[in-house]
*Asks:* 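Dropping a structure here in structure tokens format, bear with me for questions.
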Amino acid sequence: NTLHVHLPCENWNEDHVSSWLQAIGIKPEHIQKLKAEEVTGPVLLNINESYLKKLGLGGGQIQLLLSKRDELLDKSKTIKKRGENREEAKHEVVSSSDVTSPEQPLLSSDLTETSVSLPQSRYRKFNDNDEHFSYIKHAILPPETGIDNLITPCHEYKSLENACKLELRKLKIKFASEVIQFACACMNMRANGTIHFGVMDKTKTSYKHGEIIGIPIEDKEIFQEALDYIENCFPALHSDARKCIKTPKFIPIVDKSSQTQNWIVEVDVVPMVNIVRDKLYGARIPKFNEKTNKVEYEQKAYYQRVGPNTPRITEDEHVSFIQALKDLDQKREQEENNQNQTQAHFKEDLERKLLVLLTRGKKYMDNTLRYILVSNRFDQENLQNIKFLAQMNIFCVFDYDPDSKSSGLCHNYKEHHAVNLHFLHDYDHRENTVDLIKKLQLFDRTSWIFCNGRSDYNGGESPCDEKTWIKTKKKLLKRAVSVICNEILPKGSFVVLFILTSDVEQPLVDTFHEFYAEMSGHEDIVIISVSRENYKKWSSLAQVSCSLDTLEQISVVGMPMSHVNATIQVHQLTCHQDGCLPVSNNGVCFIKSVDVEHMNSLEVVCVDQCDETNVNLMEQEQIQKIEQYFYQGGKIDWVNMWLADNNKCEEVIKRDAYAEINKMLEDLERSDSLKRSIENINIYHEPGSGGSTVARQILWNWRKKMRCAVVKQSYQATTVCEHAVQLWNYEEVDKNACLPVLLLLEDCNADYQDDLRRELSNAVTTMKISPSKLCFIILCCKRSLDPERMCTALPLRTVGVTHKLSPAEKKLFSKKAGSLKLKFEPEFILTFVLMSEEFEQSYITGFVENLLKEIDHSSLQTQLIKFVALLNSHIENSYLSISHCEAFLGLGIHLDKFDKMLKSSETHISSVRIIHHLIAKEILKQLSSYQSQSEIARSLLQDKVLFDHRFGRDDFRKFVRDLFIKRTKKSKGDPNDSWFSPLIEHVRETEDVEKAIDLLKLAYTRLGIHLDKFDKMLKSSETHIDSVRIIHHLIAKEILKQLSSYQSQSEIARSLLQDKVLFDHRFGRDDLRKFVRDLFIKRTKKSKGDPNDSWFSPLIEHVRETEDVEKAIDLLKLAYTRFDEDAFVAQQLARLLNENKNFEEAEIWAKRAKSHLPQHIYILDTLGQVYKKWFYSKHDAICKKNADIQPEDITDIIDTAKSFMELAEGEPETVNNPRKWLLRKSAVYAKLFFHDIQEDEASDANIVSPLMRQMKIFQLGGGNVTTILYLLSDNNKQRAGAKLEKIINLFPVDLNKDLDQTELINFIFCQIVLSCASPGSGKLLSIEELQNLALDV
């Protein structure tokens, strides 16, 4: 509904204009004409009388429209000018239009007035001496009030805008006269009251009523001395007046834009009943006489409060007023007594408030939320009560205590957990976010950021005073907060907790301001203040960003730290305790949590893993979510298996592979012979077949027999080895008796596995452990599309897990499927159902067809799913972050209007609804004159943002669905029994039955197709980033296949590359760029378990084979631009063009790649391949010409050969005589390109050129270490030996003189491999000769 949108007039559309015209009184028929003529906001601003006459408007209507339009323009300019001076005041207000919003006439008769939205303020606590309280410049206090009850103070404002410029004596008299008149009225009314000076009253100025302006004060005594007039003003009852009128209070005004300090002066009046009983007060008001230059007193008069005003009591009212005093006294006495009782009995439920704030409404605290802690100095008593912090998932700490590491919070926390010590400048990074996370180890341990230096640190980070901190560190704080909130942690995944345990200083408050700004409000910020006095100072300074009312909502004040500690621990799902490890004597030993965290490259699985879980706090719904996540395709969690062991959920099926691996481990454990220090067991599994589950089940069930851990491959093999050794000998006495360590490696590359094995082997050797002592078992679990083939390499230590189920497994899965379907819908345990069906292609096809039925291919969510499907089909472990999805779908809309009619819903979801259904009905009735109910309902159904937004979606969809189908029933208290829902009844009876039918058709479509359809096959990624990916790559492939009939893969990829929102979005950007880049350059390899070796990435292969090679070329060109002229994308493009025989362009792109990486061997090879294939092509063309060969043909082919030669030799050669050059080089090129080398030439290394020797060695497989070692894979050792002897024959006699270092290394490896293939060969050198050669390397 456009009436709900704040827009400047320049942005109005026809509906906005129509609404405004209706508000100013233009006749409906004229409004329709203007709407038909497409009169928008810009047109309205330039419309003239002659145009309106042409449309048939009368003179009066024209005059009205133009005059109101001019008023609108004038007020807009005034407000804009004033708004420029008040920008600092807009701290917590959603920006709105500077001109009239079209909906304003609906709210009041004066709503054509335009105003700048200013923050609301609240009063200082009545009759309270809060020295920390302050006001914000230009904030708005509530309107002046009359008497509601006698205890709640009434308020009166005086700006003193002109009076403060007077000489001090006149100012004093002005102040005294206003105070005494107001006080006299309050005392007579027996009502509390406060008069405020420096707040705009009803005088006609550019300021708003109640706006805080303040007055400059040079001498506070002037205002205090003004009360000395009391004796003369209340001659007989001046002692009563002294008791009731309190001393002036001076409230500072916070104004960042001004260097001068302004103040609000407030005087409280407290007419206690024991002072004013049975008395009527009259006052002589002091006035300054300009003629006599003296103070004079008006005649005695009696005053009262009437609404927000203070008039005199007239003679006619005098008697009745006196008669009413007795009732007023009784009422005052009663309310004073009630107030005392209320204060005595009111106690805030701080336990519930604390839990709700910290858990977002859950009944317990788990690790689903991260916490950022902000603190200052803890005293020793509070340090004894921080155990609850040890059990919280703390991401980082902003610590303002310089002694924290030596004697404060950090020192105590380190007894429980390992921490990384940082300073603010560590977050002022220039590298990408992934590198920063890795460098600072942000997700491995709690990061402790010393925001004001460290007293025990000698590296230039000493503590500083407040002013120095602002100069040197405030910018670094802003940067650190921005990086964490915008690049590292997604919104909604963390809570910022401020713990105030000592005196509040400005830097701590600045931290609040920065988080408030970066998090777009107070949501997910919590404040715990042990001292009420500290909180008063805190709130006074923090209100610059956040109103005092809001601060109170998010603050827990006055709760001792011991109570906080106990309260939170009771509700924590896990209690902090040390773990247990098995030891060689069949017992267990304790391992401290801090020691486990120092082994941060390992996820250690303890004997008592998960035993600290308080299962009594877990609801059945939470247990089912854990189960559902696993059966939907998520990685199994330790708590899942712990719950199964404790009969809290169903047991997880063990596939046959589990028994095979279990037997291998038992054999290794029992056997004393043929045992090595490090053993390998490999699991190759098809994606989704349960291979990783088998691996984790092995670790879980062997954790009491061996020490078990999962390797985090983000760490180097040397670090993992160091930590594995620490785990191996932890608390063990005899190193030769230590239990083996079972290390799980998941989806690692072969090099990493080899590096880790080598490091562990070196470590065992260094420790002088017996070679036959089993120390480490590496359980390597890898995805493979052909697990059975991968088992052939090491059949005794390799297990394959496929989608195919054995007969025994089929029975288990069938039985399990039956029990799970009683608890879950099949689509929400999709991976398990697919496994039960053995990933049958027909089942997958049918499932996806049903999923995509009637889908809207133009919708944003469908486009998003296309992108995810494209990535997941081709790139392993790829995903899109939730943050990217929200940005793409344009989420983040909020409402600004109708605050008076909205209230929060009483649910865990932050929401709004109109405060009463009768008000809602009336609003709908009045709005229906602009837009019918059927049109409003249609707009609601068609609103993509509302239906696409995931949070609270189920409730929203239910409400909308009920709107169309829920009928009224007398039995449920409704006024009647209806045939249809009230909305449909209304539309068919008051509008048109056809509209009702169309609405129901639209509702059928809308409520049938939505993002929930995709939830069945989406799951969160196992990363610290909240993200989505399709639950199985086969599902992704099938979705992509079926969607390709509407939009080809090349078109989807092009749309993905061109989507600025996704690529410009900061959070998770590095991962997205990597996934999309791999989409274009990552090839498949059999050695890595892929079904084949591809020439190009699967996407490019698909596009060139099934669509068009030109589309593939265009895609790579677009990718080259998107990825900032990436050298490897250019290389792939050159390869594709070369394959397509477009040699000229291929050369351009290969050279372009070479310009970025001049020495990269693969790029140089690509350029060489272009020249080689180009040469062959030109040669074939020349051969076909026979007698028609032209000289330019020869020159052209020579140029190509020359280019290759220059590339091979590394330097250009000038050719002065092409004929002689061709004669000199022709033999080399003939042999190079046509492999026409005679056997007798090849046998003698000294009669061929160095280039020919190298080329022949390469041809035989001796060109590098990898190909030399590969010769050992030949099962025919005699053949391999003969080939190696041929290669060795090609090396010259004088090895040291004629070979460079690389060739020398290759020769040594040839000797080593030959000794393995043919130990008796005559070509083998002695070990001494090889050692001498190695010294030259």
Side-chain angles (χ1 to χ4, degrees), residues 687 783-785 844 848 857 862-880 884 888 1017 1021 1028-1030 1032-1059 1062-1063 1070-1086 1088-1140 1142 1145-1146 1149 1153 1162 1166:
R783 287 192 180 111
S784 172
L785 296 179
I844 295 173
V848 173
H857 289 272
T862 304
Q863 190 66 18
L864 186 66
I865 291 301
K866 290 176 183 177
F867 292 164
V868 177
L870 186 69
L871 289 171
N872 292 172
S873 294
H874 300 307
I875 305 301
E876 196 174 277
N877 295 327
S878 58
Y879 57 81
L880 269 186
H884 271 97
F888 180 80
M1017 43 80 186
S1021 172
V1028 293
R1029 58 189 177 97
I1030 293 172
H1032 196 280
H1033 86 283
L1034 292 179
I1035 297 287
K1037 283 181 178 290
E1038 185 61 31
I1039 288 172
L1040 193 61
K1041 176 184 173 183
Q1042 294 192 25
L1043 287 176
S1044 297
S1045 61
Y1046 300 91
Q1047 187 178 19
S1048 68
Q1049 286 195 34
S1050 63
E1051 290 170 341
I1052 295 171
R1054 176 177 289 276
S1055 299
L1056 177 59
L1057 285 171
Q1058 292 176 329
D1059 197 288
L1062 290 178
F1063 278 91
D1070 296 330
D1071 285 343
L1072 174 71
R1073 290 179 66 87
K1074 177 185 180 301
F1075 295 145
V1076 181
R1077 181 176 177 270
D1078 286 350
L1079 198 59
F1080 294 93
I1081 68 171
K1082 192 172 182 180
R1083 293 184 276 170
T1084 58
K1085 294 183 179 179
K1086 278 187 178 181
K1088 292 186 177 181
D1090 295 319
N1092 57 12
D1093 292 318
S1094 66
W1095 280 98
F1096 302 98
S1097 74
L1099 172 66
I1100 297 300
E1101 290 276 15
H1102 171 85
V1103 173
R1104 76 174 187 137
E1105 290 172 5
T1106 64
E1107 296 183 35
D1108 182 15
V1109 71
E1110 288 301 322
K1111 287 185 179 180
I1113 292 169
D1114 290 343
L1115 266 185
L1116 284 170
K1117 287 180 179 178
L1118 187 59
Y1120 176 76
T1121 305
R1122 166 56 73 190
F1123 293 108
D1124 306 317
E1125 300 185 352
D1126 187 285
F1128 293 105
V1129 178
Q1131 179 205 14
Q1132 292 302 309
L1133 183 52
R1135 293 179 68 250
L1136 181 59
L1137 290 163
N1138 189 43
E1139 191 72 14
N1140 203 41
N1142 189 343
E1145 198 173 354
W1149 284 100
Y1162 292 139
T1166 298

*Asks:* Could you tell me which residues satisfy side-chain hydrogen bond (donor to acceptor under 3.5 Å, both in side chains) with S1094, sequence neighbours excluded, listed by chain and number?
*Replies:* T1084
*Asks:* Of all residues at least two apart in sequence or in a different chain, which pass the salt bridge (Lys or Arg N to Asp or Glu O under 4.0 Å) check with R1104?
*Replies:* E1101
*Asks:* Apply side-chain hydrogen bond (donor to acceptor under 3.5 Å, both in side chains) to R1135 and list each qualifying residue two or more places apart in sequence or on a separate chain.
*Replies:* Q1132
*Asks:* Can you list the residues that meet the salt bridge (Lys or Arg N to Asp or Glu O under 4.0 Å) rule with R1073, with sequence neighbours excluded?
*Replies:* D1124
*Asks:* For the CZ atom of F1123 and the CG atom of L1057, what is their distance to the nearest 0.5 Å?
*Replies:* 6.0 Å
*Asks:* What distance separates F1080 CZ from D1078 CG, expressed to the nearest 0.5 Å?
*Replies:* 11.0 Å
*Asks:* I'd like to check the side-chain contact (heavy atoms from CB on, under 4.5 Å) partners of S1050; sequence neighbours left out, ordered by chain and number.
*Replies:* S1048, V1103, E1107, K1111, L1115
*Asks:* Please enumerate all residues that pass salt bridge (Lys or Arg N to Asp or Glu O under 4.0 Å) together with E1139, with sequence neighbours excluded.
*Replies:* K1173
*Asks:* Going by the rule ring-ring contact (aromatic ring centres under 6.0 Å, His included), which residues pair with F1128 if we only count those two or more places apart in sequence or in a different chain?
*Replies:* H1160
*Asks:* Quick one: list whatever passes side-chain contact (heavy atoms from CB on, under 4.5 Å) with L1137, sequence neighbours left out.
*Replies:* I1113, L1133, N1142, E1145, A1146, W1149
*Asks:* Please find the pair of heavy atoms, one from P687 and one from S784, that lie closest to each other, and give the distance.
*Replies:* CD-O, 3.9 Å
*Asks:* Which distance, rounded to the nearest 0.5 Å, do you find between the CD of Q1058 and the OG1 of T1121?
*Replies:* 10.5 Å
*Asks:* At what distance, to the nearest 0.5 angstrom, does CD1 of I1100 lie from CG of L1116?
*Replies:* 4.0 Å
*Asks:* Just to verify, what does Q1042 make a side-chain hydrogen bond (donor to acceptor under 3.5 Å, both in side chains) with, not counting sequence neighbours?
*Replies:* E1038
